[in-house]
Number of protein chains: 2
Amino acid sequence: MKGFKIPKTTVERLPIYYRALLGMEKREIEVISSQDLGQRIGIPSAQVRKDLSYYGEFGRRGVGYEVPILRRHLQKILGLEKPWPMLIVGAGNLGRALINYQGFLRHGLEVKAVFDNDPRVIGTYIHNLKVENLEEMEEKIQQEGIKLGVIAVPAEAAQEVADRMVNSGIKGIWNFSPEHLHVPEDVNLRNEDLSVSLMALVYHLNYSIERSE
Amino acid sequence: MKGFKIPKTTVERLPIYYRALLGMEKREIEVISSQDLGQRIGIPSAQVRKDLSYYGEFGRRGVGYEVPILRRHLQKILGLEKPWPMLIVGAGNLGRALINYQGFLRHGLEVKAVFDNDPRVIGTYIHNLKVENLEEMEEKIQQEGIKLGVIAVPAEAAQEVADRMVNSGIKGIWNFSPEHLHVPEDVNLRNEDLSVSLMALVYHLNYSIERSE
DNA sequence: TAGATTGTTAATCGATTAACAATC
DNA sequence: TAGATTGTTAATCGATTAACAATC
């Protein structure tokens, strides 16, 4: 990786490239041009080339990119070579959906534990995984060296869960609660507030329907 | 609303403001400055003021913004005054999580129907809602005038579901599948590919852990 | 060689931020 | 009036895009 600054927007697109390449590899497409790759995912070819160029020269002029090679480069760039153990706090509907999501393992992620504080839920099983008492979270994080935590609890509980995660060594938080969480700057926080996302969709929907009526 | 172009990034922030204001209104905070509002959600005050200024002059110089007034303006701007009927296709874990999500109604959205094509699931109930046969989707969309559809099906089925939604009059699609969907330009498409989002988090996590070790 | 496509530079476009006059 | 905060302009910063020499 070169030393200079990489645009945030580029990083957001890397997983999209990676995913598309996985699909092409499965279908045994051997070589792809930035033009073709871009077309499949709705990104201009110049942007594809520029994004990749921040990390190296992966293509061959006049030819294109070899799919398996580029895919492996992206896997490494994204940090998906070694599997990341992760934990989920909150065994409600969303927590369950995430646990059951089959795609994590394929992408080098593995849900190692689920925690909740509701006695009616603790001890039940979700897809081979026993829901554990939230009290035991810290111990597990340290035992297993877990660095990645998912917050799928109600807004009121989110900051406390985050604090406890951070204190036990978690370095990346995927936050599904609507709370704006405070974490130290060496902790990577990613907010996935679905209702915020939906409201932005409704804004555009409302606007386009108003205009056409 | 003024005539000129509003930055995409501004639109993405509006729901965050709206949500914060809802919380403040509940706690009976009457007036808030751009400074204070921004602080709560991690957005600089100048940006708060600029974003709001695209839609009007909602504040009072020397004073700030009246919370209930600004909240109502944002509700209107976002198109959340009248409730939007929506439908979900795919009654798997994610579909279930979305149906059970209590927050939609509060934000002017209402899940009117759920569809699936699995005979073992059709006819079962999820939170008062009967899972219907996917065959009947088109009829329902037209009967109820539904404009908003959620795609929570496997990648292979996503484009077909999208096509059928579009042909029946859906104007906004919230796509949870990893497929890059093709829709006419008057249809608003929002992709919510969770594994893409997670990979971007892992990228940063990996990078920060590498550096500190 | 002729045709294709990369990697990169420079131009353009868009978003954020600082600063301050207006005004409560 | 003195202090506070908006709304807006202009400067800065960052991202996208066009264009093309390098090269397969």
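As the structure is a computational prediction, the values presented were derived from the model and not from experiment. Labels below follow one simple rule: chain letters A, B, ... track the order of the sequence lines, proteins then strands, and each chain is numbered from 1.
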Heavy-atom side-chain contact between A:Val150 and A:Ile173 under 4.5 Å: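 Counting from C-beta outward, A:Val150 and A:Ile173 never come under 4.5 Å.
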Student check: side-chain heavy atoms of B:Leu201 and A:Trp84 closer than 4.5 Å: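 No, side chains not in contact.
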Exceeds 12 heavy-atom contacts within 6.0 angstrom, atom CD of B:Glu30: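 Check fails, neighbour count at 12 or below.
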Contacts of type side chain to side chain contact (heavy atoms under 4.5 Å, CB included), residue A:Ala91, not counting sequence neighbours: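 Once residues adjacent in sequence are excluded, the partners of A:Ala91 under the side chain to side chain contact (heavy atoms under 4.5 Å, CB included) criterion are A:Val114, A:Asp116, A:Val121, A:Ile126, A:Val131.
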Judged by atom type as modelled, is there a donor-acceptor pair below 3.5 Å linking the side chain of [X] to the main-chain atoms of [Y]?
{"X": "B:Asn100", "Y": "B:Arg96", "result": "yes"}
{"X": "A:Asp36", "Y": "A:Ile32", "result": "no"}
{"X": "A:Asn175", "Y": "A:Ser177", "result": "yes"}

Counterpart residues, side-chain hydrogen bond (donor to acceptor under 3.5 Å, both in side chains), relative to B:Tyr65 (two or more places apart):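 Once residues adjacent in sequence are excluded, B:Tyr65 has no partner under the side-chain hydrogen bond (donor to acceptor under 3.5 Å, both in side chains) criterion.
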Residue pairs fulfilling side-chain hydrogen bond (donor to acceptor under 3.5 Å, both in side chains) with at least one residue in residues 68-80 of chain B, sequence neighbours excluded: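 Non-adjacent pairs meeting side-chain hydrogen bond (donor to acceptor under 3.5 Å, both in side chains): B:Glu25-B:Arg71, B:Arg71-B:Gln75.
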Sorted by number, the residues of residues 16-36 of chain B with heavy-atom contact under 4.0 Å to DNA chain D: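 Within this stretch, B:Ser33, B:Ser34 sit under 4.0 Å of the strand.
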From CA spacing to verdict: salt bridge (Lys or Arg N to Asp or Glu O under 4.0 Å), A:Arg190, A:Glu12: CA-CA 12 Å; A:Arg190 193 168 177 99; A:Glu12 298 293 309; 2.8 Å; yes
Check the distance between [N]'s [atom2] and [X]'s [atom1] and give it to me in whole angstrom.
{"X": "A:Leu37", "N": "C:dG7", "atom1": "CG", "atom2": "P", "answer": "12 Å"}
{"X": "A:Leu70", "N": "C:dT6", "atom1": "CG", "atom2": "C1'", "answer": "13 Å"}
{"X": "A:Tyr65", "N": "D:dC24", "atom1": "OH", "atom2": "P", "answer": "14 Å"}
{"X": "A:Phe58", "N": "C:dT8", "atom1": "CZ", "atom2": "C1'", "answer": "15 Å"}
{"X": "B:Arg60", "N": "C:dA22", "atom1": "CZ", "atom2": "C1'", "answer": "15 Å"}
{"X": "B:Tyr55", "N": "D:dT8", "atom1": "OH", "atom2": "P", "answer": "15 Å"}

Provide a list of protein-nucleic acid N or O atom pairs under 3.5 angstrom, restricted to nucleotides 14-21 of chain C.
{"from": "C:dA15", "atom 1": "OP1", "to": "B:Lys8", "atom 2": "N", "distance (Å)": "3.4"}
{"from": "C:dA15", "atom 1": "O3'", "to": "B:Thr9", "atom 2": "OG1", "distance (Å)": "3.4"}
{"from": "C:dT16", "atom 1": "OP1", "to": "B:Arg13", "atom 2": "NH1", "distance (Å)": "3.0"}
{"from": "C:dT16", "atom 1": "OP2", "to": "B:Thr9", "atom 2": "OG1", "distance (Å)": "3.2"}
{"from": "C:dT16", "atom 1": "OP2", "to": "B:Arg13", "atom 2": "NH2", "distance (Å)": "2.9"}
{"from": "C:dT16", "atom 1": "OP2", "to": "B:Gln47", "atom 2": "NE2", "distance (Å)": "3.3"}
{"from": "C:dT16", "atom 1": "O5'", "to": "B:Gln47", "atom 2": "NE2", "distance (Å)": "3.1"}
{"from": "C:dA19", "atom 1": "N6", "to": "B:Arg49", "atom 2": "NH2", "distance (Å)": "3.4"}

A:Ser208 and B:Asn188 side chains, donor-acceptor separation under 3.5 Å: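 Present: a donor and an acceptor within the cut-off.
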Intra- and interstrand pairs of DNA chain C - dot-bracket, Watson-Crick/G-U under 3.5 Å, | marks other strand: ..||||||||||||||||||||||
